[in-house]
Trainee: 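Following this message is one structure expressed as C-alpha cells.
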Amino acid sequence: MSAERSFAREVEQLRLGAGETFHGEGILAVTKALLQSGVAYVGGYQGAPVSHLLDVLVDARELMGEMGIHVETCANEAAAAAMLGASVNYPLRGAVTWKSIVGTNVAADGLSNLASPGVIGGALIVVGEDYGEGASVIQERSLAIAMKSGIWLLDPRPNLTSIVEAVEHAFPLSEASSAPVMMQLRVRACHVQGSFTARDNIAPLVNTRDRFAEPAAFDYARLAHPPVTFAQEKRKLEQRLPAAQAYIREHGLNERFDGDIGRIGLILQGGLYNTTLRRLQALGLADAFGASRIPLLVLNVVHPLVPDQIEAFCAGKDAVLIIEEGSPEYIEQQVNVILRKADIQARIHGKGLMPAAGEYTAQAIGDGLVGFLEATMPPGVDMAPVARAREASRRAREGGEAALPVALPPRPPGLCTGCPERPVFSAIKILEREIGRVHIAADIGCHALATFEPFSMGNSILGYGMSLASAAAVAPFQEKRSISIMGDGGFWHNGLATGVIGTLLNEGDSVLVIMQNGFTSATGQQYIPSSARGKGGRAPGMEIEATLRALNVPWLRRVRTYSITEMIDALREALTTKQKGLKVIIAEGECQLARQRRLRAENAEKLARQERVALPRFGVDAEICTGDHSCIRLSGCPSLTVKPNPDPLRDDPVATVREDCVGCGVCGEVAHAAALCPSFYRAETVRNPGPWERGVARLRRAVIGAIGGGAP
Ligand code: SF4
Ligand code: SF4
C-alpha cells in the first residue's frame, strides 16, 4: 500500500512459528497477533500512528493468499467500519484500523450500526490514539465513542507481550459478548520497541479459498433497523455488558499488583503503566522490574469497568488516585458511583491532582503522584524523595527556559524541500498583492503546513476532505470568491461527496484547488485511487479530472504546480471570471518526498551501470542578491537561507541555497513571477558524463582560465 518503503523484514517476521522471538515495533506486533488469532479479513484507512499495520499486511500479499485472508485498503474509515459487517452474520474474525479520533469520528455511523445488532465473529478495531503532545489532530478520546456505542475498549500496557495478548483476547471477548472491541494504542505504544514469543499463525476455517456455500439465513434481529433496535439496546445492557465483564474477570484482562503500602492505591489506564511505574521508581516506591510498593489496579480494559474488581481493590483503603488521561473523567466518575453504591469509603482523587487536559507525560504523572502522597501522607512512605521531586518540579516549571543559554526559536513543521504544494501558496501570495486577501478554507494534509509562516494561509480546518463543504456558508457572504484547498487523498476520502457534489447541487460559486501529488503523502505515501501505480504496481485507473468532467464541473483547469506564472493566471481567472459555479484547479506535481525516494533508487541503479546521472540544483549569485529576502518570504523553501554578504561594503546577509536543494526551480520561478531579482541560477551536477560533455567542460575551463576566472 505504501509507495516506497519496503517492509520485507517485517513481512518475514509474520511467518514466525511457536517459540520463535518477534522483534520490532508495537504496531507491527499487532499484525502478527492478528495472524495468530485466526483473522479472516483485515482492512483500514491510513493514518499515523497505525499506517504500518495495513502497509505490512498489504506487502504480505503472498502470506495472506496462502492463509486465505482478505485484505482491503478502504476508501475511508466509514468504509472500514462497514467492512466489519461481515462479522454480523458470519463466524468470521475481522480487524480494521485507523487513526483516532478523526477516523473514529468518520466511522461513527458505521460503528453505531455495527454495535447495535452485534457480531457473531470477533470484530476488532485498532485505533492509533493520536492524543497529547505531538499529536496532529483535535484532542478528544476514543473512549467517549466506545462508551456511547457499547464497544469495549482495550488500553493495554505498552509492551509487546501485553499488546499481543490484548489482540488475542479481543476476538474471544468480542464473540463471548457479541460486541465489537476497540483497542487503542497511543503514539508511543505504536512505536515502542521490544520482543515477544510468537505462536503459530492460525488460518481461518472459512477463508477466501474455502468459502461458505450459501449466504447467511435472513434474520431480522441482525439488522440495525427498528423495531429490533429497541431490543438490541436492551440486549447491550442486559446480556452483552455482563458477558463482557465476566470474560474480563475470568481471563484476568485487568491486572492487580499488590504492594506493602496498602492504605492507598492507584487505578490507571494500561497505556499509562510504563510512565507511572517509572515515576514511582523515581520516588523510591518501585523497582526497575515493576514491583510497586503502592498497590496498582491496571485497567487494560477501560470500558467496561468490572465493579467487583474496583470494589475489591478499594475496600479497606483510605484513598485511591485515578490516573486517567483526558477529559471528561469517565473512569473517575464511574469508580465514584461504584464505590458509593457498595458503601466503600475510600476517598477518590483524580482530576485536580492530575491535569484535566493534555497528555499524561512523565512530568504530569510525577506531579500528580507527589500531590497524592502529600495529600494522603501514607504511613511507611519516606516523604524526603517526594519533597525533592516537588522542588525539582517547581524549578523545572519556573526556571525551565532560563536553564537554556539562549531562547530557542520556534521550529514549526514545514513542507518538504521542493514540495509541489509550496508554489501554489507562493502563487496565492503573489496574487493577493494584486486582488487582496481572500477567504481560504484549509484541509487536512501536508498543505495544512501552509498555515504556518511564511504563508499563514487558512481560515478554518473542519476535517479531512471537508474544506469545500466548510466554505459553503462563507462564499455567499463574501464579495470575493473563497479558495478551498484539498489534497487528492482528501478528495477521494470525503471531498468528492461532501464538497464537490454538495457545491454542484447547490450551485455554489467558489474555487477549489486540488493538490494532486499522487499519494496520501502526510501518512507515508500510501496509494490512492488516482495514484500512477497502486497495489502490485497496477494503476487503480481512477482519475480526478475524469471524475469531475463526468460530474459536469463547469470550469476546470489542470496546472503544473511548479509553473507559478500559469498558476497565478489560473487562480486569477477562477477568482474573477463572470462565469458562475464551481471552479476547480487540479494542481499537479508529484509528492517530492516520494519522487526523491524513487529517483534515489533509480539513480543508484544507473550509477551501478556506469550510466549518466544529472542532478539539478539552484543557486543564488551573491554579487547580484540585493539582500531583501523576498524570495525566502514568498517561497519558504527550507533549502533557501542566508549567509554573510561577501561584499565588505555591504552588511545585509545574502540569500543562499543549501546542499539539500532538489532543483525544483520554485525559488527562481517565484523570483521571476514576482519580478524580484535575476540572482537565481540553475546548475547541474553530472556523474558519468559522456565524451561530448567532458569536451565542453574542458573547453569551458580553458576559456574561463584564459579570461582570468577561477576553476568552475
Ligand atoms: S510529503 Fe510530499 S506533499 Fe507532503 S510536504 Fe513533503 S513533498 Fe510535499
Ligand atoms: S530550487 Fe529553490 S525552491 Fe526548489 S528546492 Fe532548490 S532552493 Fe528550494
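Start at 1 and go down the list; that is how both ligands and their atoms are numbered. The analysis underlying the following values was restricted to heavy atoms, covering all of them including side chains, and did not include hydrogens, waters or symmetry mates.
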Trainee: In plain terms, say whether Glu566 and Arg560 are close enough for a salt bridge, that is, a side-chain N and a carboxylate O under 4.0 Å apart.
Mentor: no

Trainee: Charged N to carboxylate O under 4.0 angstrom, Arg682 versus Glu684?
Mentor: yes

Trainee: By number and element, which atoms of ligand 1 are closer than 4.0 Å to a non-hydrogen atom of Gln592?
Mentor: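 Going through ligand 1 atom by atom, the ones under 4.0 Å from Gln592 are 2 (Fe), 7 (S).
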
Trainee: Could you tell me which residues satisfy side-chain hydrogen bond (donor to acceptor under 3.5 Å, both in side chains) with Arg609, sequence neighbours excluded, listed by chain and number?
Mentor: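 In terms of side-chain hydrogen bond (donor to acceptor under 3.5 Å, both in side chains), with neighbours along the sequence ignored, Arg609 is linked to Glu611.
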
Trainee: Please state which protein non-hydrogen atom is closest to atom 4 (Fe) of ligand 1 and give its distance, to 0.1 Å?
Mentor: Cys446 SG, 2.3 Å

Trainee: Tell me: protein heavy atom nearest atom 8 (Fe) of ligand 1, and distance?
Mentor: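 Answer for atom 8 (Fe) of ligand 1: Cys419 SG, 2.3 Å.
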
Trainee: Has Glu453 got more than 12 heavy atoms of other residues, nucleotides or ligands less than 6.0 Å from its CD?
Mentor: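 No, CD of Glu453 has 12 or fewer neighbouring heavy atoms, counting only those of other groups under 6.0 Å.
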
Trainee: Does the side chain of Leu57 reach to within under 4.5 Å of the side chain of Leu14, using non-hydrogen atoms?
Mentor: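 Yes, close enough: below the 4.5 Å cut-off.
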
Trainee: Which residues pass the side-chain hydrogen bond (donor to acceptor under 3.5 Å, both in side chains) test with Arg612, not counting sequence neighbours?
Mentor: Glu693

Trainee: Would you say that more than 12 heavy atoms from the other residues, nucleotides or ligands in this model lie under 6.0 Å from the CD of Glu623, or not?
Mentor: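 At most 12 heavy atoms, drawn from other residues, nucleotides or ligands, come within 6.0 Å of this atom.
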
Trainee: Under 2.8 Å from atom 6 (Fe) of ligand 2, which protein N, O or S atoms do you find? Ignore water molecules.
Mentor: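 Near atom 6 (Fe) of ligand 2, the protein supplies Cys661 SG.
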
Trainee: Name all pairs fulfilling the side-chain hydrogen bond (donor to acceptor under 3.5 Å, both in side chains) condition that reach into residues 541-551, sequence neighbours left out, sorted by first residue then second.
Mentor: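 Sorted pair list: Glu545-Arg549, Glu545-Arg558.
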
Trainee: Looking at Asp509 and Lys583, is there a salt bridge between them, counting it only when a charged N and a carboxylate O are closer than 4.0 Å?
Mentor: yes

Trainee: Could you tell me which atoms of ligand 1, counted from 1 in the order shown, lie closer than 4.0 angstrom to a heavy atom of Asn517?
Mentor: 3 (S)

Trainee: Who's the nearest protein heavy-atom neighbour of atom 2 (Fe) of ligand 1, and how far?
Mentor: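 For atom 2 (Fe) of ligand 1, the nearest protein heavy atom is Cys591 SG, 2.4 Å.
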
Trainee: What protein heavy atom lies closest to atom 6 (Fe) of ligand 1? Include the residue and the distance to one decimal.
Mentor: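 Going atom by atom, the protein heavy atom closest to atom 6 (Fe) of ligand 1 ends up being Cys416 SG, 2.4 Å.
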
